[in-house]
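What follows is a short report on a single structure.
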Amino acid sequence: MFNKILIANRGEIALRIIRTCKEMGIKTVAVYSEADRDSLPVKFADEAVCIGPAASVDSYLNMKSILSAVEITNSDAIHPGYGFLSENAEFAELCRLYDVKFIGPTPEQIRSMGDKISAKVTMLKAGVPCVPGTEGLLTDVKEGMKLAKEIGYPVILKATAGGGGKGMRIVWNDDEFENQWDTARREAKAAFTNDGIYMEKYIEEPRHIEIQVAGDQFGKACHLSERDCSIQRRHQKLVEESPSPFMTPELREKMGAAAIKACQAINYEGVGTIEFLVDKYRNFYFMEMNTRIQVEHTVTEEVIDFDLIKEQIKIAAGHPISGKNYFPEMHAIECRINAEDPYNDFRPSPGHIYHFHSPKGHGVRVDTHVYAGYTIPPFYDSMIAKLICRARTRDEAIKKMERALDEFVIEGIKTTVPFHQRLMRNQDFKDGNFNTGFLNTWNYKDELPKE
Ligand code: MV4
C-alpha cells in the first residue's frame with residue numbers, strides 16, 4: 001500500500017480524498033494555490049505545499065509544479081480528483097516517467113476515451129450499443145448531407161475532441177445543414193484546436209443514465225449500478241440520483257453488462273463511468289466514458305454502502321477486485337449547491353460567507369470544504385457543497401431533501417438552494433417524469449420564492 005498520497009486538487013474532493021487516506025493510514029499532502037491558503041484541505045492534510053498563483057493554469061494545472069511537490073514531500077502516489085489533470089494523458093505519462101503512481105487509468109486508456117470517434121469505434125467493436133451514425137470523421141459538407149439523409153433527420157454534429165456538450169450542433173433538415181456544419185467546425189477548432197466532426201442520429205429528449213464501473217490491473221471488471229443525471233442545465237449537472245426512477249431490473253442487467261464490456265475492451269484500470277443516452281423506449285446508447293472519479297460518485301456510495309475513493313486507491317496499489325456487481329439497496333439524491341444566483345441565469349456569486357449552517361440528521365450527508373468565515377475565490381468551479389439524502393424509497397429521499405434544504409443557511413452569497421427547494425416540490429420531478437430537456441421546459445424562475 002502507498003505510504004503518502006499527494007492530492008492534486010482542491011475543494012470538497014481534496015477533503016474527501018484526505019478523509020479516506022486517513023482511514024486507510026496513508027499520509028497526505030495537499031497542494032494549494034495562493035488563493036487557497038486558508039482552505040480546509042490545507043489544514044487537514046499532513047503536509048501542504050503551495051504550487052503557484054491563483055490562476056489554475058499556474059497552479060492546479062501546472063504539472064511541473066505538482067511534480068516538484070511530489071519530489072520534495074517524497075510522495076509515492078498522486079490522486080488527481082476530478083477536473084484539472086484527472087483526464088490528462090500527458091500528466092499520467094509524466095507520473096509514470098517520474099515513478100509516482102497516478103491513481104487512475106493508464107495514459108493509453110485515458111487517450112483511447114479522449115477522442116470520441118475512436119472511443120465509439122472501440123465500443124462498437126466490443127458490442128456496446130452506440131447511436132447510429134458515421135463511423136469516422138466527416139470530410140466535407142456534401143458527404144455530410146448525403147449521410148444525414150441516410151441516417152434520417154434530425155442529426156447531431158459532434159466534435160471528436162469534444163465531450164460534455166461542447167461543439168455540438170443539432171440539424172433538423174437539409175436547409176440548415178451547411179450553417180450548422182460551419183458553426184460546429186469553427187467552435188471545435190476554437191475550443192480544441194481540432195475541427196474533426198462526426199455525425200449521429202439525434203435522440204430526442206433522452207435520459208442521461210450512467211453506469212459506475214471498476215476494473216483492476218488483472219483485467220477483471222464489475223459495475224456498481226447506475227446514476228440518473230438527467231437534471232442538467234447547459235451541460236452542468238444539478239441533481240443526480242440512484243437508482244434511476246426510469247430503471248428496471250432488466251435494463252440494469254443489460255446496461256451493466258454493456259458497461260462491463262466497455263471496460264474490458266480497454267482493459268480498464270480504476271473506477272470510471274460509462275455514460276449512456278436512454279430513449280423513451282428504453283433503448284440505450286454509449287455516449288462517453290469518464291476515466292476519473294466523478295462529482296456524483298457519492299450517490300453510488302450511499303446506495304451500495306461502499307467507499308469508491310478507497311477502491312480507487314486499492315486498485316492503484318495492485319489489489320484485485322472481487323468481480324461481483326453491486327446493486328442499490330437504498331435511494332439517494334444529490335443536490336449540487338453552487339455559489340450561483342438562480343434568479344439571474346445561474347450567474348457565479350463568489351464572496352465571503354459570514355454564516356454557514358449545514359443540514360444534519362439521519363440519512364443526510366454534506367460534502368463541503370466551506371465554513372463560516374470562508375471566502376469563495378472567483379477563480380474556480382462554483383460548486384461549494386454536495387447535499388446527499390438517503391432513504392429506503394425515492395419519495396422518502398425527496399422528503400428528506402426538502403427538509404435538509406430548508407435547514408441550509410448560507411449567508412453572504414447567492415446559492416442554488418432555492419432552485420433545489422422548488423425542484424423537490426415539482427410534480428414531474430416527484431413522478432420521475434423528466435429527461436435532459438426538463439430545465440428547458442420548466443419555468444422555475446416563476447416558482448422561486450420572492451427574494
Ligand atoms: C446526444 C444527444 C442526442 N442524440 N447525442 C450532450 C453531452 C455530450 N456528452 C453528448 N450530449 C448529447 N448527445 C445524440 N446522438 C443529446 C445530448 C444532450 C445531452 C446529453 C446528456 C445530458 C444532457 C444533454 C443535454 C443536451 C444534449
Side-chain angles (χ1 to χ4, degrees), residues 82-83 87 113-121 123-124 128-138 144 147-148 150-172 176-177 180-181 183-184 187-188 191-192 194 196-211 226-242 244-246 255 259 262 272-292 294-296 299 334 336 346 423 429 434-442:
Y82 51 69
E87 293 181 288
M113 290 296 140
D115 180 83
K116 301 306 163 196
I117 191 73
S118 56
K120 191 174 173 181
V121 171
M123 291 306 137
L124 279 168
V128 179
C130 295
V131 187
T134 54
E135 278 183 37
L137 293 177
L138 291 171
L147 288 169
E150 285 172 28
I151 294 166
Y153 285 106
V155 296
I156 184 165
L157 300 170
K158 293 186 175 183
T160 191
K166 270 178 262 163
M168 288 184 356
R169 277 349 258 192
I170 303 161
V171 193
W172 294 91
E176 286 181 2
F177 197 94
Q180 295 292 64
W181 165 263
T183 313
E187 279 183 7
F192 317 110
N194 172 353
I197 300 285
Y198 66 104
M199 181 166 52
E200 288 180 346
K201 174 85 187 163
Y202 179 61
I203 310 293
E204 293 185 60
E205 306 199 319
R207 283 173 172 79
H208 171 137
I209 301 178
E210 55 188 36
I211 305 283
E226 81 281 3
R227 294 183 287 261
D228 193 316
C229 307
S230 299
I231 305 290
Q232 310 201 354
R233 185 182 170 276
R234 301 195 186 156
H235 305 293
Q236 292 295 317
K237 294 169 186 167
L238 288 166
V239 175
E240 306 95 352
E241 65 179 297
S242 183
S244 166
F246 197 61
M255 290 179 71
T273 300
I274 317 293
E275 294 186 348
F276 292 102
L277 292 172
V278 183
D279 71 16
K280 59 184 173 201
Y281 309 107
R282 292 195 171 77
N283 297 310
F284 63 92
Y285 308 96
F286 170 81
M287 191 164 42
E288 311 184 353
M289 177 170 188
N290 297 319
T291 55
R292 60 168 191 277
Q294 286 181 283
V295 171
E296 62 271 27
V299 162
E334 169 174 279
R336 294 194 189 190
F346 290 79
L423 181 65
F429 179 75
F434 55 82
N435 56 53
T436 54
F438 184 74
L439 293 185
N440 302 331
T441 51
W442 177 41

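Read the numbers this way: they start at 1 and go in the same order the structure lists the ligands and their atoms.
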Using distance alone, decide if ligand 1 has a nitrogen or oxygen within less than 3.5 Å of any nitrogen or oxygen in [X].
X: Gln232; answer: no
X: Ile203; answer: yes
X: Lys158; answer: yes
X: Tyr202; answer: no

Closer than 4.0 Å to some heavy atom of [X] - which atoms of ligand 1 meet that?
X: Glu200; result: 5 (N), 14 (C), 15 (N)
X: Lys201; result: 4 (N), 14 (C), 15 (N)
X: His208; result: 21 (C), 22 (C)

task: Report the residue from Glu210, His208, Arg207, Met255 that forms a side-chain contact (heavy atoms from CB on, under 4.5 Å) with Phe276.
output: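 Only one of Glu210, His208, Arg207, Met255 forms a side-chain contact (heavy atoms from CB on, under 4.5 Å) with Phe276, namely Met255.
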Among all protein non-hydrogen atoms, which one is nearest to [atom], and what is the separation to 0.1 Å?
atom: atom 27 (C) of ligand 1; answer: His235 CE1, 3.8 Å
atom: atom 7 (C) of ligand 1; answer: Gly165 N, 3.4 Å
atom: atom 17 (C) of ligand 1; answer: Met168 CE, 4.2 Å
atom: atom 2 (C) of ligand 1; answer: Leu277 CD1, 3.7 Å
atom: atom 9 (N) of ligand 1; answer: Glu288 OE2, 2.7 Å
atom: atom 22 (C) of ligand 1; answer: Thr436 CG2, 3.2 Å

query: Taking the side chain from Gln180 and the backbone from Ile170, do they hold a donor-acceptor pair closer than 3.5 Å?
result: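 Present.
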message: Looking at Glu226 and Ser244, would you say the former's side chain and the latter's main chain have a donor-acceptor pair under 3.5 Å?
response: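 Yes, because the side chain of Glu226 sits within donor-acceptor range (under 3.5 Å) of the backbone of Ser244.
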List the atom pairs, with distances to 0.1 Å, where a side-chain N or O of residues 152-159 and a protein N or O form a donor-acceptor pair under 3.5 Å, not counting sequence neighbours.
unit_1: Tyr153; atom_1: OH; unit_2: Asp174; atom_2: OD1; d: 2.8
unit_1: Lys158; atom_1: NZ; unit_2: Glu200; atom_2: OE1; d: 3.0

- prompt: Between the side chains of Asn290 and Thr273, does any donor sit under 3.5 Å from an acceptor?
  reply: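 No, no side-chain donor-acceptor pair sits under 3.5 Å.
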query: Between the side chains of Gln236 and Arg336, is a donor N or O closer than 3.5 angstrom to an acceptor N or O?
result: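 No, no side-chain donor-acceptor contact under 3.5 Å.
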query: Should Phe284 and Ile209 count as side-chain neighbours, where that means a heavy-atom distance under 4.5 Å?
result: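 No, side chains not in contact.
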- prompt: Given Trp181 and Arg169, is the side chain to side chain contact (heavy atoms under 4.5 Å, CB included) satisfied, shown in steps?
  reply: CA-CA 8 Å; Trp181 165 263; Arg169 277 349 258 192; over 6 Å; no
message: Using a 4.0 Å heavy-atom cut-off, which part of Glu204 comes near ligand 1: side chain, backbone, both, or neither?
response: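 For Glu204, there is no contact with ligand 1 at all, from either part.
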field: Arg227 bridged to Glu240 by N-O distance under 4.0 Å
entry: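 Answer for the salt bridge query: no.
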